[in-house]
A.B. asks: 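My questions all concern the structure below.
Values below: all heavy atoms of this structure, side chains included; hydrogens, waters and symmetry mates excluded. Position 1 is the first residue of the sequence, and the numbers go up from there.
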Amino acid sequence: MADVLENKRTATRFRILAEIAERQPAVSQGEIAEAVGVTSQAVSEYIRALVEDGLVEKEGRSRYTVTKEGVDWLLQEATDVRRYADHVTDDVLGNVQEDAAIATDDVSEGDPVTLSLRDGLLHATPGEEGPATGVATTDAEAGGDVGVTGFEGIIDFDPGTVTIFQVPPVRSGGSSVTDAETLTDACESADIVVATGVEAVVALRRADADPATTFAAGEVAAEAAGRGLDAVVVSTADQVGRVTDALRDANVAYEVTELA
């Protein structure tokens, strides 16, 4: 376990050093005391020890900066805490986590089930024949929702694709200069269609297609691709950057196509 979680003094030292790093160079010991929950005198003693240990440098009255050694110590302790948190999240809570799935057949509480993704939703099938399994925590009829825990293995599925169709702004022709036939074909083959921008919505109407949403298109497409669905995003030119930023943040590959 990380030292800052085992030793109260080390934990206080860590928090005070982090507060100094956040507030430097003008450091109010009273504010740090209030934030950490100790007395101002205690903060003064901790800071004096941090200076003596070379983790903090005093530059004048109430002016302190964290040294390179102090930054390295903070990073190391923070890394240890993160590793422990990951252990709790993945190894401890992962074994007791409960999620909901759609039962493909009648299931009874305690039955082993095989997990799969269908249409972007988690499904549970009685038996342990697949690469990902769990245990039912509730009874459910076929088509009903069932609780599942004790997850093991990895669900076998291929990530979905994201294709972005860029529509010119209205001053450059907007939806009137888009290839409606190409857009219609793309939407018919996609699992989900989203849009952002007025010109994009009108272009979809011209292609006889309705978007699932006109908000947070990039985030929705990224979520869909992560669940194995193929997504089409129709976006006005000035909104494409926001869409691609969301996809890059989610590490989702995409392709941009001009629709004009």
Side-chain angles (χ1 to χ4, degrees), residues 1 5 81-164 186-196 201 204 209-235 242-255:
M1 183 185 296
L5 298 178
V81 171
R82 187 180 301 111
R83 287 173 179 165
Y84 184 74
D86 289 343
H87 163 68
V88 172
T89 301
D90 298 336
D91 301 331
V92 179
L93 296 182
N95 291 327
V96 299
Q97 177 185 1
E98 182 180 36
D99 208 342
I102 298 174
T104 62
D105 204 342
D106 293 350
V107 181
S108 298
E109 180 181 354
D111 285 352
V113 293
T114 293
L115 303 173
S116 60
L117 274 179
R118 304 181 188 180
D119 299 325
L121 297 174
L122 187 65
H123 284 66
T125 301
E128 297 178 292
E129 299 178 357
T133 60
V135 177
T137 59
T138 60
D139 298 333
E141 296 180 351
D145 52 336
V146 59
V148 181
T149 191
F151 303 100
E152 293 184 2
I154 299 175
I155 296 177
D156 186 18
F157 76 101
D158 295 323
T161 62
V162 177
T163 304
I164 303 170
C187 292
E188 288 179 349
S189 62
D191 295 308
I192 184 171
V193 178
V194 297
T196 178
V201 172
L204 280 169
D210 293 320
T213 180
T214 58
F215 302 99
E219 289 80 356
V220 172
E223 181 73 15
R227 292 174 175 267
L229 302 179
D230 294 333
V232 162
V233 181
V234 185
S235 171
R242 295 183 181 180
V243 174
T244 56
D245 285 347
L247 293 170
R248 282 195 294 269
D249 289 344
N251 293 319
V252 174
Y254 60 87
E255 178 182 351

A.B. asks: Taking side-chain hydrogen bond (donor to acceptor under 3.5 Å, both in side chains) as the definition, give me every residue that meets it alongside D105, ordered by chain and number, with sequence neighbours left out.
C.D. replies: none
A.B. asks: Supply the atom-to-atom distance R227 CZ to R118 CZ, rounded to the nearest 0.5 angstrom.
C.D. replies: 15.5 Å
A.B. asks: Check side-chain hydrogen bond (donor to acceptor under 3.5 Å, both in side chains) between T163 and all other residues, then give those that pass, not counting sequence neighbours.
C.D. replies: none
A.B. asks: Return the set of residues passing side-chain hydrogen bond (donor to acceptor under 3.5 Å, both in side chains) with T161 (not counting sequence neighbours), or none when no residue passes.
C.D. replies: D230
A.B. asks: Do you know the tightest heavy-atom contact between A222 and A250?
C.D. replies: CB-CB, 3.7 Å
A.B. asks: Of the non-hydrogen atoms in V243 and A217, which two are nearest, and what is the gap between them?
C.D. replies: CG2-CB, 4.5 Å
A.B. asks: First locate atom OG1 of T214, then atom CG of L204, and finally report the distance between them rounded to the nearest 0.5 Å.
C.D. replies: 10.5 Å
A.B. asks: Decide yes or no for T196 and F215: does some side-chain heavy atom of the first lie under 4.5 Å from some side-chain heavy atom of the second?
C.D. replies: no
A.B. asks: Using the test side-chain hydrogen bond (donor to acceptor under 3.5 Å, both in side chains), find all partners of E219 that sit at least two apart in sequence or belong to another chain.
C.D. replies: none
A.B. asks: Do I192 and V232 have side chains that get closer than 4.5 Å, going by heavy atoms?
C.D. replies: no
A.B. asks: Taking only residues two or more places apart in sequence or in another chain, which ones pass side chain to side chain contact (heavy atoms under 4.5 Å, CB included) with A124?
C.D. replies: A101, V113, L115, V146, V148
A.B. asks: Would you sort out whether L122 and I155 count as a side chain to side chain contact (heavy atoms under 4.5 Å, CB included), showing the intermediate values?
C.D. replies: CA-CA 10 Å; L122 187 65; I155 296 177; 3.5 Å; yes
A.B. asks: Go through V233 and L247 one step at a time and tell me if the side chain to side chain contact (heavy atoms under 4.5 Å, CB included) criterion holds.
C.D. replies: CA-CA 11 Å; V233 181; L247 293 170; 5.6 Å; no
A.B. asks: Any side-chain hydrogen bond (donor to acceptor under 3.5 Å, both in side chains) involving residues 129-146? Give me the pairs, sequence neighbours left out, ordered by first then second residue.
C.D. replies: E98-T137
A.B. asks: I'd like to check V193 versus D210 (side-chain heavy atoms, cut-off strictly below 4.5 Å). Are they in contact?
C.D. replies: no
A.B. asks: Rounded to the nearest 0.5 Å, what separates atom CG in D106 from atom CG in D111?
C.D. replies: 10.0 Å
A.B. asks: Are there over 12 heavy-atom neighbours, none belonging to D119, within less than 6.0 Å of that residue's CG?
C.D. replies: no
A.B. asks: Which atom names give the shortest non-hydrogen contact between A221 and V162, and what distance separates them?
C.D. replies: O-CG2, 3.9 Å
A.B. asks: Below 4.0 angstrom, N of the basic side chain to O of the carboxylate: do D245 and R242 qualify?
C.D. replies: no
A.B. asks: Using atom types as modelled and distance alone, determine if a side-chain donor or acceptor of T114 lies under 3.5 Å from a backbone N or O of G127.
C.D. replies: yes
